[in-house]
Amino acid sequence: MALKLTWYGHATWGIEFAGKRVIIDPFFDQNPACSTKTSEIDCDLILITHGHGDHIADAAALGKRTKAPIICNYEISEWLGKQGVANLTGMNLGGTAKLPFCSVKMTPALHSSALPDGSNGGVAGGFVVTLGGRRIYFAGDTALFSDMNFVGEMGIEVAVLPIGDLFTMGIDDSVTATNLINPKFVVPSHYNTWPPIEQDTATWVEAIKRDTAAEPVVLTAGGSHEFSAFAGE
Ligand code: NI
Ligand code: MN
């Protein structure tokens, strides 16, 4: 079964696998790189890496309408709960949440996590999502850190890494991160939304091809990529 990854622009991602849809970091309506509106999205699960507006802006609206479970850190789950969102699973770094169709491990990230109204958003994280034995790592907003090596030990097929620099790691550190994680495919995120995080993807592709064993996969905002089935699946 193919694993379909959709980039809605900035750091908002969708996964489709075996008829289930997961949205990571819902930021649609005010996202300058996104042409899809929150009202058009259907999903079975919502994941939120941290409290910044460019990751959580449309979480409450999407959660309320779709009634999809939301997995995020504990502090963010409390904050969403106060806005009338139900079906929340608050967790913390290192934990794994199990759903009928996937499991979600919250990984560390080196980043901040204040919520849009200044509330305490806990600490920032990333997610390793396992669906049907396939593993995809969303690093979230983060600097490079050497413990990405441990994420790699889980066996990552696809790693989605920020490359925009300034607020997260940039191109050079994403190459180092790719070598720590050793995924089969690596996909760039969190760039070209606004001028301060503009990046040249040709430069990134060249560096990944030259300095890592991973295959770079660049999506255009609004576009999708299907990772084909494993042999024997
Ligand atoms: Ni952030
Ligand atoms: Mn961000």
Side-chain angles (χ1 to χ4, degrees), residues 5-15 22-36 38 41 46-63 70-80 83 90-93 104 106-129 136-145 147-148 151 159-174 177-178 181 186-199 201 204 218-222:
L5 186 66
T6 298
W7 190 34
Y8 291 100
H10 193 54
T12 301
W13 293 89
I15 307 173
V22 183
I23 292 289
I24 297 96
D25 287 346
F27 174 46
F28 296 100
D29 297 354
Q30 304 298 318
N31 181 342
C34 180
S35 54
T36 308
T38 311
I41 297 290
I46 300 163
L47 307 178
I48 300 166
T49 60
H50 66 292
H52 291 159
D54 58 320
H55 299 258
I56 200 172
D58 298 311
L62 186 61
I70 298 182
I71 295 178
C72 54
N73 73 31
Y74 182 79
E75 290 81 0
I76 293 174
S77 74
E78 292 277 290
W79 185 78
L80 289 169
Q83 295 170 55
M91 62 184 301
N92 217 319
L93 304 182
V104 177
M106 187 175 273
T107 56
L110 279 182
H111 193 70
S112 51
S113 184
L115 285 155
D117 64 0
S119 298
N120 171 20
V123 295
F127 291 106
V128 174
V129 185
I136 175 160
Y137 171 43
F138 294 89
D141 284 10
T142 186
L144 173 67
F145 57 97
D147 286 359
M148 284 180 170
V151 176
V160 179
L161 303 180
I163 68 160
D165 215 329
L166 194 64
F167 305 111
T168 67
M169 63 172 122
I171 287 179
D172 289 352
D173 283 354
S174 80
T178 301
I181 301 159
V186 59
V187 183
S189 180
H190 211 276
Y191 69 98
N192 287 0
T193 323
W194 300 283
I197 55 171
E198 260 169 35
Q199 291 294 356
T201 48
W204 179 81
V218 175
L219 277 73
T220 50

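Keep in mind that this is a model prediction, so the values were computed, not measured. Just so you know, ligand 1 is whichever comes first in the structure, and atom 1 is the first atom listed for that ligand.
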Decide, counting backbone as well as side-chain atoms, whether H111 has an N, O or S atom less than 2.8 Å from the Mn ion (ligand 2).
no

Examine all N, O or S atoms of H52, backbone included, and report whether one is under 2.8 Å from the Mn ion (ligand 2).
no

Less than 2.8 Å from the Ni ion (ligand 1) is the window; count the protein N, O or S atoms in it.
4

Check whether the side chains of H52 and D141 place a donor and an acceptor atom closer than 3.5 Å, and report yes or no.
no

Is it the case that D54 and H10 place a side-chain donor and acceptor less than 3.5 Å from each other?
yes

For atom OH of Y74, is the number of surrounding heavy atoms from other residues, nucleotides or ligands below 6.0 Å larger than 12?
no

Counting only heavy atoms not in Q83 (residues, nucleotides, ligands), do more than 12 fall under 6.0 Å from its CD?
yes

So among I46, I15, V160, which one has a side-chain contact (heavy atoms from CB on, under 4.5 Å) with I24?
I15

Ignoring hydrogens and geometry, is there a side-chain-to-backbone donor-acceptor pair from N73 to V123 under 3.5 Å?
yes

Is a side-chain N or O of T38 found less than 3.5 angstrom from the main chain of L62, in a donor-acceptor match?
no

Working to the nearest 0.5 angstrom, can you tell me the gap between L144 CG and T178 OG1?
9.5 Å

The angle formed at the Mn ion (ligand 2) by OD2 of D54 and OD2 of D141 is about (to 10 degrees) 170°

Between the Mn ion (ligand 2) and H190, which N, O or S atom of the residue is the nearest one?
NE2

